[in-house]
Colleague: 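Below is a structure I'd like to ask you about.
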Amino acid sequence: MKHLDQLESQSIYIIREAYKQFKNIAILWSIGKDSTTLMWLTRKAFYGKVPFPALHIDTSYKFQEIYDFRSEWADKWDMELIIGKNGQSLNEGMGPDASDKLACCGQLKTEALKQTIDKYGFKALLLGIRRDEHGIRAKERVFSPRDKQFKWDYKDQPPELWDQFKNQQQGEQHIRVHPLLHWTEQDIWKYIQRENIPVVDLYFANNGKRYRSIGCETCCEPVDSDADTVDKIVEELMTTKISERSGRAQDKESAYVMQKLRALGYM
Amino acid sequence: MDKENLKFVIVGHIDHGKSTLIGRLLYDTDSLPKGKIEEIEQICKSLGKDIEFGYVMDHLEEERDQGITIDTAQIFFNTTKRNYVIIDAPGHVEFIKNMISGASQAEAAVLIVDVDEGVKEQTKRHAYILGMLGLDQVIVVINKMDMVGYERGKFETVKKELLDFLSGINIKPSYIVPISAKEGDLIAGKNENMDWYQGPDFLQALDSFRVKESAKDKPLRFVVQDVYNFDKRIIAGRVESGIIRKGDKIKILPSGEETTVKSVEEFLKNVTEAEAGKSTGIITEDKLFIDRGDVIVHDRDVPVLTNHIRANIFWMDNTPYNKGDTLWFRCATQDVACEIEKISRVINSSTLDLIAEDADEIKNREVADIIIKTDKPVVVENFNTIEELGRFVLRTDDTLAGGIITELVQ
Ligand SMILES: Nc1nc2c(ncn2[C@@H]2O[C@H](COP(=O)(O)OP(=O)(O)O)[C@@H](O)[C@H]2O)c(=O)[nH]1
């Protein structure tokens, strides 16, 4: 099998394991390229009839393009869509300018996610994170437990071998499942190219700039690039040395903040 | 054309230079993201140290403080020949389960040994685990040659000590390369200090690894993961070995019922077959009761069903196994209750000394040769025949031990 076929099969296997084991699960769809690829794979795994919802944690500070893409494709793909918001905090005026960025992410992402998980009682969440994204993510397991406070105990993780994933245990609030862990950014784009997966236009260059990673409009910076098609992006990634998340405000505030966010359970 | 991909693990005793070697590899192959070297320089300066390549690897603050790599991490880099994934396995004894998790995903291994310290406890344990996991492609690097003045004699002494040990556990390294990860000698093209060495440098040695062969030419083993009743009844699973085709006469195990493959199902795609490694689905001609854990095979190539298995296991939990305890045996999607009927030999994984014969318990980090009795018959294989059905875990909620099947006891 070709490399992309191997990656695809491995992901589908993981997605099917998660559903078989936990049933009450959701796919966390940030509308970015990774989680949209994950949606694509999930549709393949279940022959277009995904038996669980997609969950979008909406800070309400996302790019308009993200909202448009979300309604278009949730509809076309016939996905049940749940939108999770921390309404109270938003009403109290939380935002990137109202507070420091960590507090804002904490309220509008982590807290919103906690509330949504509680409300629906999800046992597991599918997330599109990859090992090559950041040093800390390199340490993730495919099935990774979180406790009630969303803490990730990366120091004492159970062994994971030969696709035998853990069961849920006492004290574990939910399990994070990572079907794309073994993919790289390049793999993702090559797969998007091969499969013709739709992605938000923000990824394509406009006036010499494009986004490599998208999230809240307030905290994302575009990078210099002329890549305005998927083919050109694939080409660009073969040569670039700028790291993917360099445009994200969050990462610039040192590895420590990132680690803290991870331990808190923010993707 | 697409380049090949290969995953390898780097193992060795703590402080023998794994992280440094990885940092060096990334640097020499120009794989570090922009700004990374500057960031590391800054960190080292603030700690009042020389630049340490090891810090490329150590992203977590606590790791830097303790100076140890705590978990399996994966790093990506390319040579002109291949895309590589390095799995960095921790050297510290506490993290042995992480080392095993890492090594279980690898196709090949690099064992690193400090020339000044020679073979140590974790060197032995890790080498033993590599052998146990069936990783037969191994390169040894003897590191820190700069510390001994690049002296050939020192290299030969450690090489001999290591080869003596490795031959006892049936590992034959393809190359033994003297290097200095710190100075970059014999890593990627540079050799100014060891002209007595004639073999390949580290990168060349890596490029000599073979990519794992597909199991598609072996007998069919299609392992059922789930059954979906959407508008059609699709049996979802993975082809662990062989190829499944439309029209094939198949047998469902353990029930033994026979039917024919009506179709191979992919989403929005017309296919007629699926090969080893593929997660797919099939529809059968007859509506049989099929469930997770069933193994589908060709009627012309039926494996034995057994409930007695001889295996080597590595125990990875603080709670020891006591004879009589019930565990779950999981091989692919088969999941059955079992007991360890006989603990023939228990071995200390670092000294490789025999601890006991016909024992009653197995403790953390011990290796044992055992006979398992499962409650129901399972479809398994000798690890050397079909790897995918020759390895298993023993568990309660979490995995407690990993094992390799050495014999099917009739
Ligand atoms: N002189 C010398 N020191 C080295 C070399 N490789 C690693 N070291 C040092 O050995 C120590 C342990 O190395 P590290 O890579 O952290 O070991 P690990 O625990 O195996 O990851 C560090 O202080 C390194 O600077 C080498 O080739 N020569």
Colleague: For chain A, find which of Arg292(B), Met316(B), Glu388(B) contributes the most heavy-atom pairs closer than 4.5 angstrom.
Modeller: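 Going by pairs under 4.5 Å, I would pick Arg292(B).
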Colleague: Which one wins on heavy-atom pair count under 4.5 Å against chain A: Leu400(B), Leu268(B), Asp231(B)?
Modeller: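 So the answer, after comparing Leu400(B), Leu268(B), Asp231(B), is Asp231(B).
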Colleague: Ring centres of Phe46(A) and Phe52(A) under 6.0 Å apart?
Modeller: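 Between Phe46(A) and Phe52(A), the centre distance is under 6.0 Å.
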Colleague: Does Phe392(B) form a side-chain contact (heavy atoms from CB on, under 4.5 Å) with Gln334(B)? I'd like the steps, not just the answer.
Modeller: CA-CA 10 Å; Phe392(B) 63 90; Gln334(B) 303 175 93; over 6 Å; no
Colleague: Less than 4.5 Å to any heavy atom of chain A: does that hold for the side chain of Thr399(B), its backbone, both, or neither?
Modeller: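 Its backbone and side chain both get close to chain A.
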Colleague: Would you please test His3(A) and Asp187(A) for side chain to side chain donor-acceptor pair (under 3.5 Å) and show each step?
Modeller: CA-CA 9 Å; His3(A) 181 58; Asp187(A) 294 330; 3.3 Å; yes
Colleague: Give the member of Pro51(A), Gly48(A), Ser11(A), Ala45(A) that has the highest number of heavy-atom pairs under 4.5 Å with chain B.
Modeller: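 Among the listed options, the one with the most contacts to chain B is Gly48(A).
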Colleague: Which one of Glu17(A), Gln6(A), Glu8(A), Gln10(A) has the most heavy-atom pairs closer than 4.5 Å to chain B?
Modeller: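 Highest number of pairs under 4.5 Å: Glu17(A).
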Colleague: Are the side chains of Thr280(B) and Phe222(B) in touch, meaning some heavy atoms are under 4.5 Å apart?
Modeller: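 They are in contact (side-chain heavy atoms under 4.5 Å apart), so the answer is yes.
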Colleague: Under a 4.5 Å cutoff for heavy-atom pairs, which residue among Arg16(A), Glu160(A), Gln186(A), Lys49(A) has the most contacts with chain B?
Modeller: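 So the answer, after comparing Arg16(A), Glu160(A), Gln186(A), Lys49(A), is Arg16(A).
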Colleague: Contact part of Glu265(B) toward chain A, heavy-atom cut-off under 4.5 Å: side chain, backbone, both or neither?
Modeller: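 Both the backbone and the side chain of Glu265(B) come within 4.5 Å of chain A.
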Colleague: Would Val199(A) and Trp189(A) count as a side-chain contact (heavy atoms from CB on, under 4.5 Å) here? Give the steps.
Modeller: CA-CA 10 Å; Val199(A) 291; Trp189(A) 280 109; 4.2 Å; yes
Colleague: Is there a donor-acceptor pair under 3.5 Å between the side chain of Thr333(B) and the backbone N or O of Gln225(B)?
Modeller: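 Pair absent, no side-chain N/O of Thr333(B) close to backbone of Gln225(B).
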Colleague: By a 4.5 Å heavy-atom criterion (distance strictly below it), what part of Ile234(B) contacts chain A: side chain, backbone, both, or neither?
Modeller: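 Contact with chain A involves the side chain of Ile234(B) alone.
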Colleague: Under the rule for side chain to side chain contact (heavy atoms under 4.5 Å, CB included), what residues qualify as partners of Arg43(A), not counting sequence neighbours?
Modeller: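 Expected list: Val50(A), Trp77(A), Phe267(B).
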Colleague: Counting only non-hydrogen atoms closer than 4.5 Å, does Arg391(B) touch chain A with its backbone (N, CA, C, O), its side chain (CB onward), both, or neither?
Modeller: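 For Arg391(B), the contact with chain A is made by backbone and side chain together.
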